[in-house]
Undergrad: 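My questions will all concern the structure given below.
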Amino acid sequence: MAPSSSSGLTFKLHPLVMLNISDHFTRVKTQLNPPSSSCSNGNNNPSTGDATTLPQDFRVYGCVIGAQKGRTVEIFNSFELLLDPTTDTLDRSFLEKKQELYQKVFPNFYILGWYSTGSDANESDMNIHKALMDINESPVYVLLNPAINHAQKDLPVTIYESEFHVIDGIPQPIFVNASYTIETVEAERISVDHVAHLKPSDGGSAATQLAAHLTGIHSAIKMLNSRIRVLHQYLGAMQKGDIPCDNSLLRQVASLLRSLPAAQSEKFNEDFLMEYNDKLLMSYLAMITNCTSNMNEVVDKFNTAYERNSRRGGRTPFM
Amino acid sequence: MSSVEAVITSIQGLSSSSSDLSALHDVLKGASESLRTDSDLQLSTLDQLDPSKHSLGYLYLLDVLTCGPVPREKASDVVLLISRFINACDAVQIRLASEKFVSLCKRFKDKVLELRDPLRGVAPLLTAVRKVQVSTKRLTALHPDCLQLCLQAKCYKAGFSVLSDDILEVDQPRDFYLYCYYGGMICIGLKRFQKALELLYNVVTAPMHVVNAIALEAYKKYILVTLIHSGQFSINLPKCASTAAKSNFKSWSTPYIEVGSCYNDGKISELEAVVVANSSDFEKDNNLGLVKQAVASLYKRNILRLTQKYLTLSLQDIANMVQLANAKEAEMHVLQMIKDGQIHALINQKDGMVRFLEDPEQYKTSEMIEIMDSVIQRTIGLSKNLLAMDESLSCDPLYLGKVGRERQRYDFGDDFDTVPQKFSM
């Protein structure tokens, strides 16, 4: 476990970078293991198992760019790079070409570091890191863990810096963990929202879309509820005295709670109940209509099946 | 003697698993004839068996013992024995021989009525109904007996618990008529006129080829309950009643129709005159109490009509218009109606004015949510039943035959495959 950084830099990560990295990873993975061949692979090679595990764990690499203002490092964008397997370093000429192109469009951005996927930082990563040190004297290393872990609540993204520590009498650079925050521009928030709420592509019927929409709202409220519950437990423990009082945290919690909508007033309850009742009445009406139409069908079928006088001739059947 | 002992040992041996039970069933069927004539079979021999484990055998032996005439002293013993058996028996075993069980319970009911103690039989029959029922939606032959005992014993609440299940499948129409008729009477006793109306309506409009005495009695009560509940009377039966009913009911129930048409006019004095004139008929049908309730409800109906015409009215005016004796009685009537929830009004006691209000229900409360929720759930259940019926009808060969016959006229090349006229089963 890498120790935390002491450089005092604050890192701000934009969601675009994370989307880019995950997109890169997914694209390469599907290209290596296309779904059609995986089905036939299942018949021919039972050893391949499920399509998600690959014969070799592969990683994708790329560069991150952004701007540094004072002590704040803001990582805006990223692009992909190829790892040269012979020298085990990133393709340098390609990197410089891309850098020139990006410089024309974004003159303020320059290369801040590189990214890769995996679960933890390796020793070999240090070589790549050192190779980038001539472009940026202190590059950052963004690591994305592509393994899907449903129990994990936080983002699987870690940012590493390099620091020189004395190990066995020799100063060596090692990776140290750096904390970061997520920074969004309005446009980014919209696109992230869009990606998160990918609806069924054929549009479905109104019913499936409504169901998907409501499920999204339900899960969002559930998460909000669980987070508030954590805070509640924390405050309760603090009140009991199990945890030492932290005033700055209390101030943060108070400001957070004030921003939540107040839902306890008398007028709100009345309006809420009235609207709830209206919705219930509407669904009741819909149910009754549905039942009535079912009943109509049943009666029609019953009459055709069991009527005593059969009607022949002159009847136009419905086409 | 040996046959009795042999039967008892076989019962004790073969009462454990379902395959054994079917074997036991065959044994018992074969042995029942010989047991009938065997004089060794006494009530005491039943002590060797345990009713909860050996229910099937116990049932057969009880049946044999009680099919003949039972002397009076023994009647209460027999009743006690049967009620204990019903409480303890195992439902699965009973369902294998349900007709025997049903006839046993009917005999039980007769004995209880003979002993003039119907209350003893109510609880056992309730449990018996639950045990014989394959599913809660099915009507059994025991339902009307149970309801009859409840009526005789005047414990309406017990009967009402049986009525609260919706019945969706019926084996015998006669059971259904009796069930609805007795059920209607129980609801009248509990003053739940809405449900009574539904049940009696079912009997009156049930399909029948000839006039059914049960349906006729139900029709008389139906007229009276419509008067009490909704205050209106129409001389015609509902459209879906059978033709036999439509043509014959009216001739058999003329005094009731007179009461109904008089009610429609709304004059109390005339109505009372008609009632007095026909009171002997009403007494013969045991409906005099119901008729008196109908007369009392005429006041209510008139006051209700007043709410639609006036916004405020003085108590004296109400008394005059409704032909009540004085303002005090009018006030009592109005108070009663407000309490029952039939009208919404405010009585100003200072100057004796009554102000009629609209229904104050705003549908804003959380109790309303619970009511709506339960109603919606019930509708969902009914909808499922309807869909099941729809499916079963679609597979019905009669239906398919008729539909196929119509489709066969149009052959658009190979697009429509012809449905055969008849299905060979």
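Because the structure is predicted, anything quoted here is derived from the model rather than measured. Protein chains get the first letters and strands the later ones, always in sequence-line order, with residue 1 at the start of each.
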Undergrad: Top residue by heavy-atom pair count (under 4.5 Å) with chain A, among B/I380, B/D390, B/L387, B/D396?
TA: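 Looking at each option in turn, the highest pair count goes to B/D390.
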Undergrad: To the nearest 0.5 angstrom, please state how far the CE atom of A/M282 sits from the CE atom of B/M372.
TA: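 Output value for this atom pair is 11.5 Å.
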Undergrad: What part of A/F302 lies closer than 4.5 angstrom to a heavy atom of chain B: side chain, backbone, both or neither?
TA: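 Both backbone and side chain.
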Undergrad: Identify, with sequence neighbours excluded, every residue that meets side-chain contact (heavy atoms from CB on, under 4.5 Å) alongside B/S251.
TA: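 Residues passing side-chain contact (heavy atoms from CB on, under 4.5 Å) with B/S251: none at all.
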Undergrad: What distance do A/L280 atom CG and B/M368 atom CE have between them, rounded to the nearest 0.5 Å?
TA: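 One gets 9.5 Å once the value is rounded to the nearest 0.5 Å.
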Undergrad: Just how far is it from atom CG of A/L281 to atom CD1 of B/I376, taken to the nearest 0.5 Å?
TA: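 Going from CG on A/L281 over to CD1 on B/I376, the span is 8.0 Å.
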Undergrad: Heavy-atom count check: over 12 atoms from other residues, nucleotides or ligands less than 6.0 Å from A/M295 CE?
TA: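 Atom CE in A/M295 is not packed in, count stays at 12 or less.
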Undergrad: Surrounding OH of A/Y276 (heavy atoms of other residues, nucleotides or ligands, distance under 6.0 Å), is the total greater than 12?
TA: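 No - once you tally the heavy atoms of other residues, nucleotides and ligands closer than 6.0 Å, there are 12 at most.
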Undergrad: According to the side chain to side chain donor-acceptor pair (under 3.5 Å) rule, which pairs have a member within residues 277-300 of chain A, sequence neighbours left out?
TA: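 Residue pairs passing side chain to side chain donor-acceptor pair (under 3.5 Å), neighbours aside: none found.
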Undergrad: For B/Q377, is the CD atom crowded, meaning more than 12 foreign heavy atoms sit under 6.0 Å from it?
TA: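 Enclosed.
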